[in-house]
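Worth saying up front: this structure is predicted, and the values here are computed from it rather than measured. Chain naming here is simple, since letters A, B, ... match the order of the sequence lines and numbering starts at 1 in each.
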Protein chains: 2
Amino acid sequence: MSTSFATSKRRTNPDFLNGVPELVVLELLSQRPMYGYELVQAIKEASGETLEFGEGCIYPLLHKLAERGDLSSRRIDVGGRSRVVYRVTTKGHKQKAQSQAQWSQVVSSVGRILQGGKYEHAKTA
Amino acid sequence: MSTSFATSKRRTNPDFLNGVPELVVLELLSQRPMYGYELVQAIKEASGETLEFGEGCIYPLLHKLAERGDLSSRRIDVGGRSRVVYRVTTKGHKQKAQSQAQWSQVVSSVGRILQGGKYEHAKTA
DNA sequence: GACGATACCTATTGGTTTGAGGTATGTCCA
DNA sequence: TGGACATACCTCAAACCAATAGGTATCGTC
């Protein structure tokens, strides 16, 4: 009908191929509030050294999430050192649930595609 | 020490948080050779509409993989239209196996972290 | 002959991650 | 005393990838 453009270029895709750090941060912080430095190591440990997001990745991410309202932050002092402790807000929990759902979708979709290869041996070459 | 210090930014981390398109392309093409346009739709279909990588993502990726030697390409003509059919090389199969292994690692690590939340209810407040 | 589908392509933009820096305090111990 | 190291925060520049948006050309059909 209208001036063509039936090719809906809109973004239905999970832009979640990168956002793994975000999901992990939201999850770990929802398990227990932490400060940045702690979180960096918690990710490393909880993933069995598989995931190693540096501080240069985590700190900006925390700031972004806090600014977006998914995290609240509170500065405390412990032995002369100052820490910024982050906690997941209600909004953050919703966001987390959404991110998690998208991640699951991607994982299962990719999984199905990869599985597909296993039974494809009958393809006569 | 010396002057230049070519700021070499090497990546030790699984830079595989993004590379999903690459893995999917290698997998689908190893199931059966395809041309770009076909592949774009095959991804969409095989993933149940979950993954929708546009042509602007797939074509450059195919070129990159071909240049890297993971894919071989062959141009054919069908009814006046020309298609470039891609096929996974031996090198590409090795690359695929590696990518797949890394992906599995990431998936299971993230999975373990997400699972962790389910049994964390006993965390004494 | 306009339109939509097929089939290829590239360039620009935008968001993420990386790597490398920088500041400052506390602890250990020689 | 001071050096090394861990803790704890931060930011910037480069690199990377994917998304978007363009562009060309052929074919079938209405």
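- Atoms OH (A:Y35) and C1' (D:dC9) sit 12 Å apart, rounded to a whole Å.
- For the residue pair B:Q100 / B:S104, no side-chain donor-acceptor distance below 3.5 Å is found, with atom types taken as modelled.
- One interatomic measurement links the two molecules: CG of A:L51 to P of C:dT17, which rounds to 11 Å at whole-angstrom precision.
- In this structure, the side chains of A:K96 and A:V88 stay at 4.5 Å or more apart for every pair of heavy atoms.
- For the residue pair A:E49 and A:E45, the shortest heavy atom distance occurs at OE2-CA, 4.2 Å.
- The CZ-P distance, from A:F53 to D:dC16, rounds to 18 Å in whole Å.
- In this entry the distance linking CG of A:L23 with P of C:dT16 reads 14 Å, nearest Å.
- Looking at B:M34 and B:Y86, their side chains never come closer than 4.5 Å, going by heavy atoms from C-beta outward.
- A donor-acceptor pair under 3.5 Å links the side-chain atoms of B:K91 to the main chain of B:R68, judged by distance alone.
- For the contact set between residues 81-88 of chain B and DNA chain C, defined by any heavy atom under 4.0 Å, the members are B:R81, B:S82, B:R83, B:V84.
- For the side-chain contact (heavy atoms from CB on, under 4.5 Å) test, residues two or more places apart in sequence or in another chain that qualify with B:S47 are A:S109, A:I113, B:T50, B:L51.
- A side-chain N or O of A:E27 and one of A:Q31 form a donor-acceptor pair less than 3.5 Å apart.
- Look at CD on B:E22: it is 12 Å from C1' on D:dC16, rounded to the nearest Å.
- Note: NZ (A:K64) to C1' (D:dT11) measures 17 Å, nearest angstrom.
- The shortest distance between the side-chain N/O atoms of A:H63 and the OP1/OP2 oxygens of D:dC9 is not below 4.0 Å.
- Contacts between residues 72-80 of chain A and DNA chain C, defined by a heavy-atom separation below 4.0 Å, involve A:G79, A:G80, listed by number.
- The one candidate from B:K44, B:R83, B:R32 that meets the salt bridge (charged side-chain N to carboxylate O under 4.0 Å, His left out) condition with B:E38 is B:R32.
- Side-chain nitrogen and oxygen atoms of A:Y59 include none within less than 4.0 Å of the OP1 or OP2 phosphate oxygen of D:dT11.
- Considering all non-hydrogen atoms of both residues, B:T89 and B:S72 come closest at CG2-N, 3.7 Å.
- Spacing between atom OH of B:Y37 and atom C1' of D:dT24 amounts to 15 Å, rounded to whole angstrom units.
- Distance CD (A:Q41) to P (D:dA6): 11 Å, rounded to an integer number of Å.
- Nucleic acid contact for B:G56: base, since at least one base atom lies under 4.0 Å from a heavy atom of the residue.
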